[in-house]
Amino acid sequence: MEEPDSPEEALQRRQRKEKKELQAKIQSMKNAVAKNDKKRRKQLAEDIAKLESELDERHKEELEQLSAKDHEQPQVESAANGIENLDLDATGLTNTQPRVTKAQKRREKKAAFEKERDERIAEAEIENLSGARHLENQQLSLILAARKLCIKQIASDGHCMYRAVEDQVKERDSSWTVSNLRRQTAEYMRKHISDFLPFSTNPSTGDMYTPEAFEKYCDDIESTPAWGGQLELRALSHILKTPIEVVQADSAPIVVGEEYASEPILLVCTRLLKSEVLVAMAYDITSHYTMPAVFEFRAK
């Protein structure tokens with residue numbers, strides 16, 4: 001009977017498979033872009049480099065984690081052997097397994113969340129290099145050109161909506177940071193739960209949040225890279241006492257915080273095909289540019 005692979009061999013086999021799958025996707029991406037389209041070929045090269053870099057980094061982290069586990073295993077086995085040699089009664093203490101700490105559970109949950117987010121973004125980027133997304137970007141370019149705006153890139157890391165807002169308000173008040181904006185957004189929504197709870201639903205089931213689930217939702221806003229959406233923008237408009245205008249290619253702009261008279265923050269949202277992700281562009285009042293960010297859109 002053939003012996004099963006060691007954990008290291010199994011990991012290496014999976015990583016080789018993932019590299020082959022990525023190369024197949026890259027080839028498909030290249031086939032979707034005309035060779036004489038220099039602009040899109042340049043963007044394609046950047047997208048491919050990003051996907052390859054992310055995969056290499058993830059594979060490196062997996063190997064490091066496996067190496068760390070292998071280093072810890074002899075210590076665990078030594079401790080287990082010591083327990084077996086004790087003169088124990090029939091309490092079953094020899095079968096006690098090491099406890100997983102709460103900190104380890106939090107790290108594993110965060111890693112799983114970030115992996116899922118990165119996979120969704122990468123999938124959306126691959127599927128939307130051409131076609132409807134390209135046409136929508138052209139339409140948005142015309143809208144932005146009419147307002148004398150251009151694009152500045154911002155990392156799609158889950159904090160990007162807050163980074164876009166931060167960039168626009170830091171000239172007015174340098175004390176605003178992403179963490180500060182997140183914390184105050186969560187605090188405002190907790191204090192004004194009656195204004196937000198009726199519009200808060202579970203994105204997976206569509207069920208309305210209970211007060212307990214809403215509190216967990218606010219905790220995620222404050223302490224995780226959870227994407228921001230319409231509810232968070234409304235809270236931010238009240239916190240900053242500033243209107244926030246959301247421009248879209250296929251519909252009229254949406255404005256929150258219209259009661260405030262200060263210069264507005266502008267976000268331009270681009271719908272990605274087969275995804276609930278939006279690309280937002282934030283208008284900088286002093287420098288007159290826009291910057292894309294990625295955040296989750298929660299349609300109500």
Side-chain angles (χ1 to χ4, degrees), residues 103 106-107 109-110 113-114 117-118 121 144 147-197 199-200 209 214-248 253-270 277-298:
R106 286 196 297 269
R107 287 193 294 270
K109 183 178 179 181
K110 180 180 178 181
F113 174 86
E114 292 178 348
R117 180 199 64 209
D118 292 342
I121 293 174
L144 297 176
R147 302 178 72 160
K148 298 182 179 179
L149 303 176
C150 59
I151 295 174
K152 175 184 175 183
Q153 294 294 329
I154 189 171
S156 305
D157 60 358
H159 298 297
C160 30
M161 187 192 79
Y162 299 92
R163 293 193 197 284
V165 173
E166 176 199 28
D167 186 85
Q168 296 178 73
V169 299
K170 66 183 179 183
E171 295 296 333
R172 313 176 198 176
D173 184 350
S174 60
S175 66
W176 289 110
T177 63
V178 170
S179 59
N180 193 7
L181 288 168
R182 278 190 171 278
R183 178 177 55 78
Q184 294 211 36
T185 298
E187 289 179 358
Y188 185 92
M189 293 176 69
R190 290 188 188 103
K191 291 178 180 178
H192 300 82
I193 185 172
S194 60
D195 294 335
F196 294 95
L197 183 57
F199 305 99
S200 304
Y209 277 141
F214 183 78
E215 176 64 27
K216 172 62 169 56
Y217 180 86
C218 292
D219 290 342
D220 289 343
I221 292 174
E222 184 172 3
S223 58
T224 76
W227 284 312
Q230 291 177 323
L231 299 183
E232 291 83 354
L233 286 177
R234 180 165 295 280
L236 283 167
S237 72
H238 292 307
I239 293 166
L240 300 170
K241 300 189 183 306
T242 301
I244 299 178
E245 179 182 355
V246 182
V247 177
Q248 303 173 85
I254 299 171
V255 180
V256 295
E258 292 180 278
E259 61 269 35
Y260 301 110
S262 58
E263 290 286 346
I265 292 171
L266 180 67
L267 300 180
V268 181
C269 297
T270 304
V277 173
L278 297 182
V279 174
M281 301 175 187
Y283 173 65
D284 185 285
I285 297 165
T286 58
S287 301
H288 295 285
Y289 63 75
T290 58
M291 60 170 61
V294 177
F295 63 99
E296 188 173 8
F297 178 70
R298 303 182 184 91

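Quick caveat: nothing in here was measured; it's all calculated off a predicted structure. As a basis for the values below, the full set of heavy atoms in this structure was taken, side chains included, without hydrogen atoms, waters or symmetry mates.
- Across every non-hydrogen atom of Ala235 and Phe196, the tightest pair is CB-CZ, 3.9 Å.
- The only member of Thr185, Leu240, Thr242 that meets side chain to side chain contact (heavy atoms under 4.5 Å, CB included) when paired with Val165 is Leu240.
- For the atom pair NZ (Lys191) and CD (Glu187), the distance works out to 5.5 Å, reported to the nearest 0.5 Å.
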Between Thr224 and Arg106, is the side-chain contact (heavy atoms from CB on, under 4.5 Å) condition met? List the steps.
CA-CA 11 Å; Thr224 76; Arg106 286 196 297 269; over 6 Å; no
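- The minimum heavy-atom distance linking Arg163 with Val178 is given by the pair CG-CG2, 3.6 Å.
- Note that the NZ atom of Lys241 and the OH atom of Tyr260 stand 4.5 Å from one another [nearest 0.5 Å].
- Here Tyr188 and His192 bring their ring centres to under 6.0 angstrom of each other.
- Contact of the Leu266 side chain with the Arg147 side chain is registered, since non-hydrogen atoms from C-beta on lie closer than 4.5 Å.
- For the pair Pro243/Ser262, a side-chain contact is recorded, criterion being any heavy-atom separation below 4.5 Å from C-beta on.
- Of all the heavy atoms in Gly228 and Tyr162, the pair that sits closest is CA-OH, 4.2 Å.
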Steps toward side-chain contact (heavy atoms from CB on, under 4.5 Å) verdict (Leu233, Met161):
CA-CA 9 Å; Leu233 286 177; Met161 187 192 79; 3.6 Å; yes
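- Between Lys216 and Asp220, at least one side-chain nitrogen of the basic residue sits less than 4.0 Å from a carboxylate oxygen of the acidic one, meeting the salt-bridge criterion.
- Rounding to the nearest 0.5 Å gives a distance of 11.0 Å between CD of Glu232 and CD1 of Ile244.
- Scanning both residues, Tyr217 and Met189, for their nearest heavy atoms gives CE2-CE, 3.9 Å.
- Ile265 contributes atom CD1, which lies 11.5 Å from atom CD of Glu245 (distance to the nearest 0.5 angstrom).
- With rounding to the nearest 0.5 Å, the separation of CZ in Arg234 from CD1 in Ile254 is 10.0 Å.
- The CG atom of Leu231 lies 7.5 Å from the CD1 atom of Ile221; values are rounded to the nearest 0.5 Å.
- A pairwise comparison of heavy atoms in Phe214 and Ser200 identifies CE1-OG, 3.5 Å as the closest pair.
- Side-chain N or O atoms of Arg182 include one that pairs as donor or acceptor with a backbone N or O of Ala226 at under 3.5 Å.
- Checked by atom type and distance alone, the side chain of Glu222 never pairs as donor or acceptor with a backbone atom of Asp219 at under 3.5 Å.
- Across all non-hydrogen atoms, the minimal contact from Ala186 to Cys218 is CB-O, 3.4 Å.
- No side-chain heavy atom of Gln230 sits less than 4.5 Å from a side-chain heavy atom of Phe199.
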Dump the intermediate steps for side-chain contact (heavy atoms from CB on, under 4.5 Å) on His238 and Gln184, then the final yes or no.
CA-CA 11 Å; His238 292 307; Gln184 294 211 36; over 6 Å; no
